Visitor: 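Below is one structure. I have some questions about it.
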Amino acid sequence: MSLSQGVTETAINSKKTVNRKKIKKDKWVPYLFILPSFLIILGFLFYPIATVFYYSVQHYDVSAPYYNGFAGLENFKEIFTTDKMFIPSLINSLKWVVSEVGLQLVFGMILALLLNQTFKFRGLVRAVAFIPWAVSGVLASTMWSLMFNEHMGVLNDLLMKMGIINEPQAFLANTSTAFTAVIIAELWRGIPFFAITLLASLSSIPDELYEAARVDGASRWKSFIFVTLPQLKNTIVLTTLLRVVWEFNNVDLLFNLTGGGPAHSTTTLTMYIADLAVHGSNFGYGSALTVVSFGILLVFAILYLKLSRYEKE
Amino acid sequence: MFTVNKKVDKILTLYLPLTMLLSFTIFPIYWTLNTAFKPEGDIVKRPLQYIPVNPTTENFVAAWTNVGFATFFKNSLIVGVFTVIAVLICSTLSGYALSRYQFKGKRSFMLMLLCTQFIPRAMMIIPLFVIFKNLGLISNPLSLIITYTAIEIPFTTILMSGFISNVPKELEEAAMIDGCTKLQSLRHVVFPLLLPGIVATGVFTFIYTWNEFLIALMLTNQQSKFTLPVGLSTMMGEFSINYGALAAGSVIALIPAVILFAYAQKHLVNGMGGAVKG
């Protein structure tokens, strides 16, 4: 920033003093510019978060108001001692995040590498490949529920034709298949995110690096390992961290495809909180659970801050 | 011999995997379209029809008029348009400040923007419900517009400051030396060059509001105020699902987002790349 400013100032050397004066006079301008954004973020992002912390140490149950008041750490105690849903849903969250982010990264990378090559209609193919990114979680849920359906689902039909199954399965109602089914549906929606960000970084890798690798006799696989991956390292790490947080919070498909069932087999921690918030009325307890999940995500947030350039600047 | 090898190579390393991945992408969309155009009786008929035998638009009529998708569509449109306007005004201003000025607290402001990206959305729903209930704005589109604006500003500000930085500062200053006022140079020099970025940011925001589910579910409790995702979700939850109307409703919800996305995806890819790289 200061460098480009210096260049500019030399470029219009004759007007230097005029600019100086202008800059001094406009000192309050940047604050005026950020004011609307600042106020809205403060009022409707930071204030709500602060109240979550406040509610978490309160008994705040809409259905039992006579019991409301300061609770201290009782909500938290309940989470870690008597709550039978907490640990299983935390484990499900872990399963959900690891499998989603892992699979999306691998397939997103493959897609980005493919789309980075030159071929006819590349622009069109890219646009089509990225479409799921514009599709909402609920919409993806309706689409996949039409495919997973026991009676009319095309997946049953295809699998039976291929001889993999003998009779129609209710994929979403079966504890052994429900989780995998939701993961596939979310994978469909998540691949483009990684593909888009990786593609942007791929196109900024200088060709000379590949040429040098070729001269040294590196195979395609080796130049991927020793040229592409190191160049993409930062993007991979940062987008993965962002995605971990995002997928941890993502409940649209779970909410709409399985509702957390069957038998809570697809209830993640966020799904559990969302269910408490939407169907329950115990805001104090829900808030305490939210604070716990925030604590878990904080680890990733700090990692991101440490690794991103904001720390180094 | 060499060219044949090259062709085989290209098929194995490009066309084959690309076709597989694209089929995975396209098939669910195709199946939804296929279902939407089938008469109700044909949807569950065996053998399954991979292409509708008696294509009909009756599902679209049912979804639009009977199920209420006309209302959901209108609600989503209102929320989307006003959020886009609010977000564009706020993020252009703050993006401009970040890109063009050095000021005390700039780093803190950027850190504040970054921190918001790690706030779990589920964390917002309980307090937001309480806040808007106290303000008397439950089931009022204003509650969604304000919330979505707050959520979108951090990312779009970073996006906009990137787009603004791409407009050379020298152009702006040259215009001012030629006698333009600050506002004139913004309007005649910066704004035209910024337009693609503004469109991309607007599209990005609109698609987000069009798709957001959990907050909309929490902040609306009247069917006449449902947005498309909430409408679709309640329809899925019903005991006797009309699959044809559900598919048709999905297509209705899909079309605007996909058209806008196809239009702006190139800018989005560039902007996203810039934003993620920092």
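All chains are named by letter (A, B, ...) in the order of the sequence lines, taking the proteins before the strands, and each is independently numbered beginning at 1. These numbers come from a predicted model, not from an experiment.
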Visitor: Please name all residues satisfying salt bridge (charged side-chain N to carboxylate O under 4.0 Å, His left out) with A:Arg220, sequence neighbours left out, ordered by chain then number.
Guide: B:Asp9
Visitor: To the closest 0.5 Å, what do you measure between OG1 (B:Thr25) and CD1 (A:Ile191)?
Guide: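 Here the interatomic distance stands at 6.5 Å.
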Visitor: So A:Phe38 and B:Phe109, would you call those rings parallel, tilted or perpendicular, with 30° and 60° as cut-offs?
Guide: tilted
Visitor: Between B:Val130, B:Thr35, B:Leu217, B:Ile151, which shows the greatest number of heavy-atom pairs under 4.5 Å with chain A?
Guide: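 The residue among B:Val130, B:Thr35, B:Leu217, B:Ile151 with the greatest pair count is B:Val130.
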Visitor: Less than 4.5 Å to any heavy atom of chain A: does that hold for the side chain of B:Ile153, its backbone, both, or neither?
Guide: side chain
Visitor: Using modelled atom types only, decide if a donor and an acceptor are shared between the side chain of A:Ser37 and the backbone of B:Cys90 within a distance under 3.5 Å.
Guide: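 Checked: pair present.
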Visitor: Check each atom of A:Val251 against the heavy atoms of chain B and say whether the ones under 4.5 Å are side chain, backbone, both or neither.
Guide: side chain
Visitor: Which region of B:Tyr263, side chain (C-beta onward) or backbone (N, CA, C, O), has a non-hydrogen atom less than 4.5 Å from a non-hydrogen atom of chain A, or is it both or neither?
Guide: neither
Visitor: Could you report the tightest heavy-atom contact between B:Met236 and A:Leu257, atom names first, then the distance?
Guide: CE-CD2, 4.4 Å
Visitor: If I measure from the heavy atoms of chain B, does A:Trp144 come under 4.5 Å with its side chain, its backbone, both, or neither?
Guide: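 Side chain only.
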Visitor: If you count heavy-atom pairs within less than 4.5 Å of chain A, which of B:Pro168, B:Pro229, B:Ala257, B:Ala247 leads?
Guide: B:Pro229
Visitor: Between A:Ser203 and chain B, which part of the residue has a heavy atom less than 4.5 Å away: side chain, backbone, both or neither?
Guide: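 It is neither, since no heavy atom gets under 4.5 Å.
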Visitor: Given the options A:Val135, A:Ile273, A:Leu298, A:Leu187, which has more heavy-atom pairs under 4.5 Å with chain B than any of the others?
Guide: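 Top count of heavy-atom pairs under 4.5 Å with chain B: A:Val135.
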Visitor: Does a side-chain heavy-atom distance below 4.5 Å link B:Lys104 with A:Tyr31?
Guide: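 Result yes, sub-4.5 Å side-chain heavy-atom pair found.
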Visitor: At a heavy-atom separation under 4.5 Å, does B:Leu254 approach chain A through its side chain, its backbone, both, or neither?
Guide: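 Its backbone and side chain both get close to chain A.
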Visitor: With respect to chain B, which residue among A:Asn250, A:Thr290, A:Thr142, A:Thr51 yields the maximal number of heavy-atom pairs within a distance under 4.5 Å?
Guide: A:Thr142
Visitor: Please check if the number of heavy atoms outside A:Met160 that lie under 6.0 Å from its CE is greater than 12.
Guide: yes
Visitor: Who wins among A:Pro36, A:Ala127, A:Ser145 for the most heavy-atom pairs under 4.5 Å with chain B?
Guide: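 Option with the greatest count: A:Ala127.
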Visitor: Where does B:Thr92 contact chain A at under 4.5 Å (heavy atoms): side chain, backbone, both or neither?
Guide: neither
Visitor: Tell me, side chain or backbone of B:Ile131 under 4.5 Å from chain A's heavy atoms, or both, or neither?
Guide: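 For B:Ile131, side-chain heavy atoms alone lie under 4.5 Å from chain A.
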Visitor: Evaluate the side-chain proximity of A:Ser136 to B:Trp210: yes if any heavy-atom separation is below 4.5 Å, no if none is.
Guide: no
Visitor: Could you check if a side-chain atom of B:Met112 sits within less than 4.5 angstrom of a side-chain atom of A:Leu42, using non-hydrogen atoms only?
Guide: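 Of all side-chain heavy-atom pairs linking A:Leu42 with B:Met112, at least one is under 4.5 Å.
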Visitor: Name the region of B:Leu14, side chain, backbone, both or neither, that has any atom closer than 4.5 Å to a heavy atom of chain A.
Guide: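 Contact with chain A involves both backbone and side-chain atoms of B:Leu14.
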Visitor: Taking every heavy-atom pair that is under 4.5 Å apart, which of A:Leu198, A:Leu113, A:Leu158, A:Leu124 has the most such pairs with chain B?
Guide: A:Leu158
Visitor: Near A:Tyr47 OH, under 6.0 Å, is it more than 12 heavy atoms from other residues, nucleotides or ligands?
Guide: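 Count not over threshold, so no.
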Visitor: Please flag which part of A:Phe148 lies under 4.5 Å from any non-hydrogen atom of chain B: side chain, backbone, both or neither.
Guide: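 Contact with chain B: none, neither part.
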Visitor: Would you indicate whether the side-chain heavy atoms of A:Leu115 and B:Leu18 approach each other to under 4.5 Å?
Guide: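 Result yes, sub-4.5 Å side-chain heavy-atom pair found.
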Visitor: Can the ring centroids of A:Phe255 and B:Phe213 be said to lie less than 6.0 angstrom from one another?
Guide: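 So the answer is yes for these two rings.
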Visitor: So, taking the atom named CE in A:Met143 and the one named CG in B:Leu246, what distance separates them when rounded to the nearest 0.5 Å?
Guide: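 Here the rounded value is 10.5 Å.
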Visitor: Do any N or O atoms from the side chain of A:Asn249 and from the backbone of B:Ala122 form a donor-acceptor pair under 3.5 angstrom?
Guide: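 Checked: no pair found.
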Visitor: Which residues pass the salt bridge (charged side-chain N to carboxylate O under 4.0 Å, His left out) test with A:Lys161, sequence neighbours left out?
Guide: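 Residues passing salt bridge (charged side-chain N to carboxylate O under 4.0 Å, His left out) with A:Lys161: A:Asp157.
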Visitor: If I measure from the heavy atoms of chain B, does A:Leu35 come under 4.5 Å with its side chain, its backbone, both, or neither?
Guide: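 Neither part.
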Visitor: Relative to each other, are the rings of A:Trp133 and B:Phe261 parallel, tilted or perpendicular (30° and 60° limits)?
Guide: tilted
Visitor: Working to the nearest 0.5 angstrom, can you tell me the gap between B:Ile29 CD1 and A:Trp188 CH2?
Guide: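 B:Ile29 CD1 to A:Trp188 CH2: 4.5 Å, rounded to 0.5 Å.
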Visitor: Determine whether B:Leu113 and A:Ile41 make a side-chain contact, defined as any pair of heavy atoms from C-beta on separated by less than 4.5 Å.
Guide: yes
Visitor: For the atom pair CZ (B:Phe103) and CD1 (A:Ile34), what is the distance rounded to the nearest 0.5 Å?
Guide: 4.5 Å
Visitor: Counting only non-hydrogen atoms closer than 4.5 Å, does A:Ser287 touch chain B with its backbone (N, CA, C, O), its side chain (CB onward), both, or neither?
Guide: both
Visitor: Kindly determine whether A:Tyr60 and B:Ile126 satisfy side chain to side chain contact (heavy atoms under 4.5 Å, CB included), including the steps that lead there.
Guide: CA-CA 11 Å; A:Tyr60 182 11; B:Ile126 291 173; 5.6 Å; no
Visitor: Any side-chain heavy atom of A:Val154 sitting closer than 4.5 Å to one from B:Leu48?
Guide: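 Sidechains of B:Leu48 and A:Val154: in contact.
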Visitor: Does A:Phe44 form a ring pair (Phe, Tyr, Trp, His ring centres under 6.0 Å) with B:Phe132? I'd like the steps, not just the answer.
Guide: CA-CA 10 Å; A:Phe44 293 95; B:Phe132 286 113; 5.7 Å; yes
Visitor: Can you check whether B:Asn211 reaches A:Leu139 side chain to side chain, under 4.5 Å on heavy atoms?
Guide: no
Visitor: Against chain A, label B:Met218 side chain, backbone, both or neither, depending on which of its atoms sit under 4.5 Å from a heavy atom there.
Guide: side chain
Visitor: Within the structure provided, determine whether A:Phe283 and B:Phe129 are in side-chain contact (heavy-atom separation under 4.5 Å).
Guide: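 Side-chain contact under 4.5 Å: yes.
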